[in-house]
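As the structure lists them, so they are numbered: ligands from 1, and atoms in each ligand from 1.
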Amino acid sequence: MNVLILGSGGREHAFAWKIAQSKRLENLYIAPGNAGTALCGTNVNIGVNDFEGIKKLVWEKGIDLVLVGPEDPLVNGIHDFFLNDEVLKDVAVIGPKKDGALIEGSKDFSKRLMEKYKIPTARYKSFTKANLEEGYKFLETLKAPYVLKADGLAAGKGVLILSEIAEAKLELKNMLMDAKFGNASATVVIEEFLHGIELSVFVLTDGKSYKILPAAKDYKRIGEGDTGLNTGGMGAVSPVPFADAAFIKKVEEKVVIPTINGLRSEGIDYRGFVFVGLMNCNGEPYVIEYNCRMGDPETEVVIPRIKSDLLDLLEGVAKQNLHEKSFDVINEIATTVVLVSGGYPEDYEKGKLVKGLDAIKESQVFHSGTQLKGEDVLTNGGRVFAVTSFSNNIKGAVDKSMKAAQQVQYDGKYYRKDIGLDLINWTS
Ligand code: AMP
Ligand code: GLY
């Protein structure tokens, strides 16, 4: 099989690394990829939203399957583009069409889906410019802190959590009347604040059946002890000690089954990954959000834990015979620690020379923001690497990732030294 992966982050390197191990693979292409994906296949310098460029590549290289990494091309309709094109319509695309991508592209849509199919989530209401006053009144019925969400994609910044009602009202006005997040905040979801511990569960579906992949916890804030600005993710751990088999069974019954059936009932033929962001509230799962793709850096711990051939599962999605497939999971614990550029998630510099990668023997380094220049690896983004390690306990895995994090060298390197430490007491 000839495979094309779209994207350029650690998630895509983890996919490329795994798919490169498949016996079914003939050629692997990554567009645009990074210095890490270049070790697994051929990088092609085409952007993920350049659908015509992608079409040409798929045609020229005889690609059989396209795995879409990020949400952007999915929300923009890449799968629909393939289905509506005579040349591309038989090429398998892993990732939902525009209608399915709405689970991430519109918070209002995803909340309505949850409400309709009785999927546990925070109580909410949606508001537009026309009913700002009602929004103020709804806020008064809630207790602090107040959660405001821009309906559309806002580069991960569209959720505000505010402790004072006056502040919440002001921000609601900024979002609706002054387009704080542009068109993305033309509709705003206001919801109840959920108290609990967060985790993510990943589902692969062919639209009919599904597989629940390993769960993960990620670390979103830039600073140790979960402080400072939000980032794309600074580390991840899988499995999650507070999501035991009984909890995952609840997630399956209360969330996964009604979500997959609900999408189908809505006439949405969803083929791809569903990322379910959950709050574990005293042992009960509540959905915080859905994403129409895998997480980054969660993929860098979830995918390495899958022992079986990923291409076989993806083919099951494409051919809608996922129910005939099975997969095995490595029972050890995987941790990943993300190394970023100094200044991230605000301004940072690129183009720093990376050294020390060859010395790392006990961990797998996934590249996020890197590029090759001749033989040199240069930094090329805020998140630069995700260093994944395995052990039979969290401490052992984290220690390996920390050791490797020290060995990688570039100007301005920063990483959190507390990834997974909050979970150590949960295991024994
Ligand atoms: P989202 O973009 O929907 O994932 O929201 C970003 C973050 O805000 C989540 O990862 C949670 O930490 C937090 N969050 C979102 N909604 C809620 C909620 N209803 N209650 C508590 N925290 C929330
Ligand atoms: N790590 C969170 C995400 O991928 O959205």
Side-chain angles (χ1 to χ4, degrees), residues 7 9-12 14-15 68-72 74-75 101 103-111 114 119-126 138-139 142-163 168 171 181 184-185 188-202 215-222 226-238 240 273-281 284-303 336-338 340 345 366 368 382-383 386 416 419:
R11 168 181 50 211
E12 287 75 23
F15 276 140
V68 185
E71 64 279 15
D72 237 43
L74 294 169
V75 171
I103 62 166
E104 176 162 2
S106 168
K107 302 263 187 211
D108 181 51
F109 173 85
S110 72
K111 292 296 283 193
M114 291 181 239
I119 296 161
T121 188
R123 190 162 66 92
Y124 84 105
K125 275 193 176 157
S126 299
F138 184 63
L139 279 171
L142 300 174
K143 286 198 204 104
Y146 305 93
V147 183
L148 268 49
K149 300 186 171 182
D151 174 52
L153 291 183
K157 298 198 171 100
V159 175
L160 300 180
I161 300 186
L162 305 151
S163 49
E171 288 294 0
F181 299 108
S185 64
V188 173
V189 167
I190 302 180
E191 66 180 35
E192 210 172 36
F193 184 85
L194 296 168
H195 295 270
I197 323 171
E198 248 179 287
L199 73 149
S200 305
V201 169
F202 301 92
K217 178 184 194 292
D218 88 339
Y219 293 77
K220 289 201 167 94
R221 304 292 196 94
I222 187 73
D226 293 327
T227 53
L229 293 173
N230 254 325
T231 70
M234 296 295 292
V237 176
S238 176
V240 182
F273 293 97
V274 183
F275 167 151
V276 190
L278 289 169
M279 194 71 90
N280 176 336
C281 304
E284 287 300 318
Y286 286 80
V287 177
I288 295 177
E289 62 163 352
Y290 293 115
N291 294 314
C292 62
R293 51 169 175 89
M294 284 296 289
D296 193 348
E298 293 91 331
T299 305
E300 291 94 300
V301 288
V302 171
I303 292 297
T336 200
V337 171
V338 176
V340 305
F366 294 115
S368 301
R383 294 191 291 174
R416 274 179 63 169
I419 302 301

Is there side-chain contact between V188 and E171, with heavy atoms separated by less than 4.5 Å?
-> no
For G232, take its heavy atoms, then give the atoms of ligand 2 lying under 4.0 Å from any of them.
-> 1 (N), 2 (C)
Applying a strict 4.0 Å limit to heavy atoms, is G233 in contact with ligand 2?
-> no
Which of these, E198, R221, R123, E104, has its nearest heavy atom closest to atom 11 (C) of ligand 1?
-> E198
Report yes if the side chains of N230 and K157 come closer than 4.5 Å at any heavy-atom pair, otherwise no.
-> no
Heavy-atom nearest pair, T336 first then V301, reads N-CG1, 3.5 Å
Looking only at protein heavy atoms, which one is nearest to atom 1 (P) of ligand 1, and how far off is it?
-> E289 OE1, 3.5 Å
Numbered atoms of ligand 1 (with element) below 4.0 Å of M279, judged on heavy atoms = 21 (C), 22 (N)
Salt bridge check: are K149 and E289 linked by an N-O gap of less than 4.0 Å?
-> no
Hey, is atom 9 (C) of ligand 1 under 4.0 Å from any protein heavy atom?
-> yes
For ligand 2, which atoms, with element, lie under 4.0 Å from some heavy atom of G295?
-> 4 (O)
Of all the heavy atoms in T121, does at least one lie under 4.0 Å from an atom in ligand 1?
-> no
Decide, yes or no, whether a salt bridge links K111 with E191 under the criterion of side-chain N to carboxylate O below 4.0 Å.
-> yes
For ligand 1, does N230 get within less than 4.0 Å through its side chain, its backbone, both, or neither, judged by non-hydrogen atoms?
-> neither
Which atoms from ligand 2 have a heavy atom of F275 less than 4.0 Å away?
-> 3 (C), 4 (O), 5 (O)
Taking only heavy atoms of E191 into account, list the atoms of ligand 1 that are under 4.0 Å away from them.
-> 16 (N), 17 (C), 18 (C), 19 (N)
Closest non-hydrogen contact found for V338 with G235 is CG2-N, 3.8 Å
If hydrogens are left out, which of Y290, Y286, F193 has an atom nearest to atom 22 (N) of ligand 1, that is, the closest non-hydrogen atom?
-> F193
Find out whether E104 and L153 are in side-chain contact, i.e. whether some heavy atom of one side chain is under 4.5 Å from a heavy atom of the other.
-> yes
Side chain of T299, backbone of D296: donor and acceptor closer than 3.5 Å?
-> no
the protein heavy atom lying closest to atom 5 (O) of ligand 1 turns out to be V159 CG2, 3.4 Å
Any side-chain heavy-atom pair from I119 and T121 closer than 4.5 angstrom?
-> no
Which of these, I161, V287, V189, has its nearest heavy atom closest to atom 14 (N) of ligand 1?
-> I161
Any N or O on E298 sitting closer than 3.5 Å to an N or O of ligand 2?
-> yes
Determine, step by step, whether V240 and V201 satisfy the side chain to side chain contact (heavy atoms under 4.5 Å, CB included) criterion, reporting the C-alpha distance in whole Å, the side-chain angles of both residues, the deciding distance to 0.1 Å, and the verdict.
-> CA-CA 10 Å; V240 182; V201 169; over 6 Å; no
For atom 4 (O) of ligand 2, state which one of N230, D296, T231 supplies the nearest heavy atom.
-> D296
Is there side-chain contact between M114 and Y286, with heavy atoms separated by less than 4.5 Å?
-> no
Of the listed options (H195, K220, K149, K107), which comes nearest to atom 16 (N) of ligand 1 when hydrogens are ignored and any heavy atom counts?
-> K149
For atom 5 (O) of ligand 2, closest protein heavy-atom neighbour = R293 NH2, 2.9 Å
Applying side chain to side chain contact (heavy atoms under 4.5 Å, CB included), run through M294 and F15 and close with a yes or a no.
-> CA-CA 10 Å; M294 284 296 289; F15 276 140; 3.6 Å; yes
Report yes if some N/O of L194 lies less than 3.5 Å from some N/O of ligand 1; otherwise report no.
-> yes
